[in-house]
Every structure is written in structure tokens, then in C-alpha cells.
Amino acid sequence: MVEKKATAIEKINAYMQKLKTMEKKFDPLPHFTLHKVLSQISPQFYTKDELTQIEKVNHILCQEANLPPISQNKEKRVEVVNDKKRRRPNNEDIIYDGERKVKSKSTIRKKPIIRKKETMLSPPPELPSHVNNMIKVLNGSDIKYIMCKELFKSDLNYYLNRLSMPITQIKSDFLTEIEKATLETRDHEGKPIGIKVIVLDPCLNEFSLFLKKWNMKTTSIYNLHQDWTPILLKNSFKENQKLDIWSFRINEKLYLLLNDNETHKIEENRELKNSTGVSKKKEE
């Protein structure tokens, strides 16, 4: 029994010694990506034979994928101009990360910034002669062009009963300081307090309305409130129709005049035709 035990121990010791002396073969294929990264960062963990095996496998894989080897550092083309080196980006500025192509920062083109052209301020239109004469007859003064108002659906809505005048489109300062302060005040319900104005439609019909200021989040709007619907009923305004709005004062009282662009042009053309017809008859 003692002899058998001794022989068994000898066999075990011999087998363990054999395991120690046996060399384990290195296979780079399993976990190749990890081996490739470690071989570049910490090559001291590998022998020369293991490093050459990793490079061979890398070369074969890159040939199959039609890609340059990862370890190969290509020199970028440099163009010399006036004894100064200038880097010129080309197709070689593409870094291959596995199968994904990543462009370097030098090859990324920035989108051009398109700046809006500043709109030129158009001069105010001429006040029709008959309107100007009417204002003079009434001893009106301080005539100012306010804006060219394009009528929208909301302006033609009888239920809303108001005409909106965005402050961003106002061309002149037609209000006094007292009137401005009044428009900024609010009643006990938080609603804006308006000022009374006289509005003349294109046919010079007179209406009494209130001008109020509504402060929005980004801008403010003047609104002609109360009795705007009678003006709509009296006139056949249409959507997208443009009205020139003028202001003047009679005894410091504010008047607003609505002048139709199209009818004004038609009347001017008629006057020109009549004047030319009369002149021809005189020549004959």
C-alpha cells in the first residue's frame, strides 16, 4: 500500500511538472478586437510572435473587407505654397472605424449662413386731393400716414367687431403722450381702456369708435373697437383688400381716415383719361 501511494504521488508530480512545462498556444482570433486594441496600447503584454500573429490576422481581415489596415498610418498630403505648409483635405482624411466611415473635422463643411436682406422702407403714398381738400375745409391739421392695412378674415368678422393694427406696421407716431398713457392703463377687470376716435370710411362717412392697445407676448396691437361692424355693413370690403390709414386732428381731436387703394387708382386713371380727352378736343 505504501509503495502504491508513493508511485501515485510520483505520477501526479510528474503530470503537474509536465503541465507547467507545456506551452499554451496563442490564438488571436477569439476576442480579436480586444487583442488588437491591447497590442496597440500595451504591447508589453504580448510576445513578438503574438504581435506578429495579431498583425497577420488584421491584414487578412482588412483585405477581405477592402479596407486599409488599422495600424497603417497614412500620411496626409501637404501642399507647399510660398514656403508655407498648407494642409489640403482629401479622401484620405477618412478614418475607418471597423466598417463605419467617419469624416475628420477638417473635411466637414459648414453650411453657409443666409442672411435676410433688409427691406427698404417704402415712402408713404400721396393723400388723395379730394380728401386733402376736405381736411382743409374742416380746419384739420397734423396729417400723418399710419399704415397700409391688409384686411384679413378676422377683420371682416361681424362677431369680432374690430380692426387690428399691428404696432410693427405703424409708420408714424400719431398719438400724444397723454393718449399713449391712457392706452397703457387697465380697468378693474384688467381690460385695456381705450380712447375715443372718429373714423371716416372711404366714402367719408363718419363713425365713432374706440382705439385700444392689446399687449401680446412678443408684440402689441392697436384695435379699433365698437361700431366697426356698421363700417363693414356700409362698405363692401373684401379679404386681402388694402386700405391706407391716415390720421389728422380737428381741435386736437383724433380722426382716422380709411382710404381704398384700388378706388383711388381708378379715380386717378379716370381723371387722367378725361384730362387727355379734353386736351385733344381743344387741339382739334
- [ ] Would you please name every residue forming a side-chain hydrogen bond (donor to acceptor under 3.5 Å, both in side chains) with D227, sequence neighbours left out?
- [x]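 side-chain hydrogen bond (donor to acceptor under 3.5 Å, both in side chains) list for D227, sorted by chain: empty.
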
- [ ] Would you please name every residue forming a side-chain hydrogen bond (donor to acceptor under 3.5 Å, both in side chains) with T229, sequence neighbours left out?
- [x]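 N161.
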
Task: Qualifying side chain to side chain donor-acceptor pair (under 3.5 Å) pairs with a residue from residues 137-151, counting only residues at least two apart or across chains - done: Y145-D244, K149-D155, K149-S164

Open item on the list: Strictly by side chain to side chain donor-acceptor pair (under 3.5 Å), give each pair with a member in residues 174-186 just once, sequence neighbours left out.
Closed with: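 Every pair satisfying side chain to side chain donor-acceptor pair (under 3.5 Å) with a residue in residues 174-186: D173-K180, T176-E179, E179-R249, E184-K213.
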
- [ ] Not counting sequence neighbours, which residues clear ring pair (Phe, Tyr, Trp, His ring centres under 6.0 Å) with Y255? List them please.
- [x] F248

- [ ] Kindly indicate, with the supporting measurements, whether the criterion side chain to side chain contact (heavy atoms under 4.5 Å, CB included) is fulfilled by I245 and L258.
- [x] CA-CA 5 Å; I245 303 178; L258 309 179; 3.8 Å; yes

Kindly write out the residues that satisfy side-chain contact (heavy atoms from CB on, under 4.5 Å) with [X], not counting sequence neighbours, or none if the list is empty.
X	answer
Y159	N157
T168	P166, T219
K196	S208, F210
E252	none

Open item on the list: If we check side chain to side chain contact (heavy atoms under 4.5 Å, CB included) with W246, which of these qualifies: I143, I146, L200?
Closed with: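 The side chain to side chain contact (heavy atoms under 4.5 Å, CB included) with W246 is passed solely by I143 among I143, I146, L200.
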
Restricting to non-hydrogen atoms, name the atom on [X] and the atom on [Y] that form the minimum distance, rounded to 0.1 Å.
X	Y	answer
Q226	L209	O-CG, 3.0 Å
K238	L156	C-CD1, 3.6 Å
L254	I195	CD2-CD1, 4.4 Å
L183	G194	CD2-CA, 4.2 Å
Q241	S236	OE1-O, 4.1 Å
S154	L160	O-CD1, 3.6 Å

Open item on the list: Test your reading of the model: is there a side-chain donor-acceptor pair from N235 to the backbone of I231, 3.5 Å cut-off?
Closed with: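 Side chain of N235 to backbone of I231, a donor-acceptor pair under 3.5 Å: yes, one is there.
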
Task: Any donor-acceptor pair under 3.5 Å from D201 side chain to C203 backbone - done: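 Flag set: sc D201 to bb C203 pair under 3.5 Å.
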
TODO: Please work out which of the three classes, parallel, tilted or perpendicular, describes the rings of Y222 and F174, given edges at 30° and 60°.
DONE: perpendicular

Pairwise distance [atom1]([X]) to [atom2]([Y]) - rounded to 0.5 angstrom:
X	Y	atom1	atom2	value
I250	L138	CD1	CG	4.5 Å
I54	D49	CD1	CG	11.0 Å
R162	I221	CZ	CD1	7.5 Å

Same cluster (ILVMFWY, side-chain, under 4.5 Å), [X] and [Y]:
X	Y	value
L163	V197	yes
L256	I167	yes
L233	V199	yes

Open item on the list: Set out, in order, the CA-CA distance, both residues' side-chain angles and the distance that settles side chain to side chain contact (heavy atoms under 4.5 Å, CB included) for M165 and L224, then state yes or no.
Closed with: CA-CA 8 Å; M165 300 164 54; L224 282 173; 4.2 Å; yes

Open item on the list: side chain to side chain contact (heavy atoms under 4.5 Å, CB included) for C148 and L243? Distances and angles first, verdict last.
Closed with: CA-CA 6 Å; C148 179; L243 298 175; over 6 Å; no

Open item on the list: If the condition is salt bridge (charged side-chain N to carboxylate O under 4.0 Å, His left out), which residues does K191 pass it with, not counting sequence neighbours?
Closed with: E189

Open item on the list: Under 4.5 Å side-chain heavy-atom separation, chaining through any Ile, Leu, Val, Met, Phe, Trp or Tyr, what else clusters with V37? Say none if it is isolated.
Closed with: I41

- [ ] Give the C-alpha distance, both sets of side-chain angles, the deciding distance and a yes or no for side chain to side chain contact (heavy atoms under 4.5 Å, CB included) between N223 and L211.
- [x] CA-CA 6 Å; N223 283 328; L211 180 68; over 6 Å; no

Open item on the list: Other residues, nucleotides and ligands only: do more than 12 of their heavy atoms fall within 6.0 Å of CG on L34?
Closed with: yes

TODO: Count the heavy atoms belonging to other residues, nucleotides or ligands that lie under 6.0 Å from CG of D187, then report whether that count exceeds 12.
DONE: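 Yes.
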
Open item on the list: Could you check whether any side-chain heavy atom of I193 comes within less than 4.5 Å of a side-chain heavy atom of K212, counting everything from C-beta outward?
Closed with: no

Open item on the list: Tell me which pairs pass ring pair (Phe, Tyr, Trp, His ring centres under 6.0 Å) where either residue lies in residues 185-207, with sequence neighbours left out.
Closed with: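 Matches after skipping sequence neighbours: none remain.
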
